[in-house]
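Below is one structure; the comments refer to it alone.
Heads up: numbering here begins at 1 and tracks the sequence.
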Amino acid sequence: MIIFEWINDQLLKMEGLSYLVKILVENVFGLSTQEKLGGSIHFFIYDVIKIFILLSVLIFIISYIQSFFPPERTRKILSRFNGLSGNILGALLGTITPFCSCSSIPLFVGFTSAGLPLGVTFSFLISSPLVDLASVILLASIFNWKIAIAYVIVGLILAVIGGTIIGKAKLEKYVEPFVFDNKIKELDLEVLKFRDRVVIAKDQVLDIVRKVWLYILIGVGIGAVIHNWIPESIISAVLGQDKWYSVPLATLVGIPMYADIFGTLPIAEALVLKGVGIGTALAFMMAVTALSLPSLIMLSKVVKTKLLIVFTVIVTIGILLIGYSFDTFSYLLL
């Protein structure tokens, strides 16, 4: 247990890095980390470095593993399963794809055109931006393992239930016709050597970092402002745990934004440190990652209005239930 705690504190939470950044702020910048400006700079530098290190390492490992499972092989595996088992596998597949909601849509199109059941592809589409292996580690580094594991479980449940409902409703006619003729690109990964897979993993890291770096900087910047400049009384008055509307309000605020989970985690961290319920913070985070306007607009190009509404309603209800559940039982997780 002691060894596990040390690994968690030093490798995930990077307490040594936090101490080094504190020395930098106080001795080089001449600012106290106990004051607003110094605290904000410490929060920003520490979180940015920590997130980029963890993100790069985890995406490299995940991408290397993914090189053994190209889309066609994944499709063949999923095609062997129907019903609930297919939805579960679709949701689990989403956990090993480090994509935002917009990046997941092309794979959703490819899987649908390849003949996978619509419910299975929607389980993947819901799970992919909400839950991935990298986000689990980052959640644990910011909060704790109980919250990280609970988040993964409820995210997978939402993906499985959402995909199952859509599959049972037989909504295939509300998918745009061109989707069924759009084939995913396939790489011949069977003959790849170790060096080739390393190159693929490295390129995936660079590609994802290029896509998310700005959102991470913005998210950490917002988190630093919330953590050090906005009084706790103001945040509690709006999003306090005693407010019944805090979860739907956080969800509503999150929808117009666009970022992936890596950009929203620092904001969620700052909100929780200010006394906001963990469920409210997670509801905001899930709304940004799964229901952002850009992703809904992009999805509207491949599915018709009725299916888009069904998807949005299912995910929204799921986020609200998850948010209220986490706020209600937070004493078990913190």
With distance as the sole test, does [X] use its side chain to make a donor-acceptor pair with the main-chain N or O of [Y] at under 3.5 Å?
X	Y	value
Asn144	Ala140	no
Ser56	Phe52	yes
Asn87	Gly119	yes
Lys274	Ile230	yes
Thr95	Val131	no
Asp203	Ile200	no

Distance-minimising heavy-atom pair for [X] and [Y]:
X	Y	result
Ile137	Leu54	CG2-CD2, 4.5 Å
Ala91	Leu156	O-CD2, 3.6 Å
Ile126	Ala159	CG2-CA, 3.8 Å
Ala287	Thr251	CB-O, 3.3 Å
Ala283	Val247	CB-CG1, 4.0 Å
Ala268	Ala281	O-CB, 3.9 Å

Taking only residues two or more places apart in sequence, or in another chain, which ones meet [X] in a side-chain contact (heavy atoms from CB on, under 4.5 Å)?
X	answer
Ser85	Phe81
Arg210	Leu206, Asp207
Leu171	Leu118, Ile166, Ala169, Tyr174, Leu307, Val310
Val21	Leu17, Val25, His42, Ile45, Tyr46

With rounding to the nearest 0.5 angstrom, report the [atom1] to [atom2] distance, [X] to [Y].
X	Y	atom1	atom2	value
Ile41	Phe29	CD1	CZ	6.0 Å
Ser40	Glu35	OG	CD	11.0 Å
Glu269	Phe143	CD	CZ	6.5 Å
Thr164	Leu84	OG1	CG	5.5 Å
Leu265	Asp47	CG	CG	9.5 Å
Ile157	Ile322	CD1	CD1	8.0 Å

Membership question, hydrophobic clusters at under 4.5 Å side-chain separation (ILVMFWY): are [Y] and [X] in the same one?
X	Y	result
Leu273	Ile142	no
Ile255	Ile297	no
Leu252	Leu130	no
Val199	Val57	no

Test side-chain hydrogen bond (donor to acceptor under 3.5 Å, both in side chains) applied to [X] - qualifying residues, sequence neighbours left out:
X	result
Thr316	none
Ser127	none
Trp213	none
Thr280	Ser246, Asp327

Enclosure of Lys304 NZ (heavy-atom neighbours >12, cutoff 6.0 Å):
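It does: Lys304 NZ has more than 12 such atoms within range.
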So with a 6.0 Å cut-off around NZ of Lys243, is the heavy-atom count from everything else above 12?
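Yes - once you tally the heavy atoms of other residues, nucleotides and ligands closer than 6.0 Å, there are more than 12.
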Tell me, do [X] and [Y] make a side-chain contact under 4.5 Å, heavy atoms counted?
X	Y	result
Val154	Ser325	no
Ile161	Ile314	no
Leu24	Leu20	no
Leu89	Val120	no
Ile218	Leu214	yes
Phe329	Ile278	no
Met286	Tyr151	yes
Ser141	Met14	no

Any residue meeting ring-ring contact (aromatic ring centres under 6.0 Å, His included) with Phe43, in chain and number order, not counting sequence neighbours
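Counting only residues at least two positions away or on another chain, Phe43 forms a ring-ring contact (aromatic ring centres under 6.0 Å, His included) with His227.
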Residues which pass ring-ring contact (aromatic ring centres under 6.0 Å, His included) with Phe326, listed by chain and number, not counting sequence neighbours:
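Counting only residues at least two positions away or on another chain, Phe326 forms no ring-ring contact (aromatic ring centres under 6.0 Å, His included).
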Without hydrogens or angle criteria, can the side chains of Glu26 and Ser32 be said to hold a donor-acceptor pair below 3.5 Å?
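No, Ser32 and Glu26 have no side-chain donor paired with an acceptor closer than 3.5 Å.
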Yes or no on side chain to side chain contact (heavy atoms under 4.5 Å, CB included) for Leu139 and Trp145, after CA distance, side-chain angles and deciding distance?
CA-CA 8 Å; Leu139 274 168; Trp145 277 104; over 6 Å; no
Does the pair Val198 and Tyr64 meet the rule for a side chain to side chain contact (heavy atoms under 4.5 Å, CB included), with working shown?
CA-CA 6 Å; Val198 169; Tyr64 182 85; 4.3 Å; yes
Could you walk me through whether Lys168 and Ile165 satisfy the side chain to side chain contact (heavy atoms under 4.5 Å, CB included) test, starting with their C-alpha distance in whole Å, then the side-chain angles of each, then the deciding distance to 0.1 Å, before giving a yes or no?
CA-CA 5 Å; Lys168 295 291 185 182; Ile165 293 174; 6.0 Å; no
Quick one: hydrophobic cluster around Leu321, which other residues, with the 4.5 Å side-chain cut-off, linked directly or via members?
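Direct or chained contacts put Leu321 with Ile309, Val313, Ile317.
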With a cutoff of under 4.5 Å between side-chain heavy atoms, which Ile, Leu, Val, Met, Phe, Trp and Tyr residues group with Tyr19?
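Tyr19 shares its hydrophobic cluster with Ile23.
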Please report the C-alpha distance between Asn228 and Leu37 in whole Å, then the side-chain angles of each, then the deciding distance to 0.1 Å, and finally whether the side chain to side chain contact (heavy atoms under 4.5 Å, CB included) criterion is met.
CA-CA 8 Å; Asn228 294 282; Leu37 182 58; over 6 Å; no
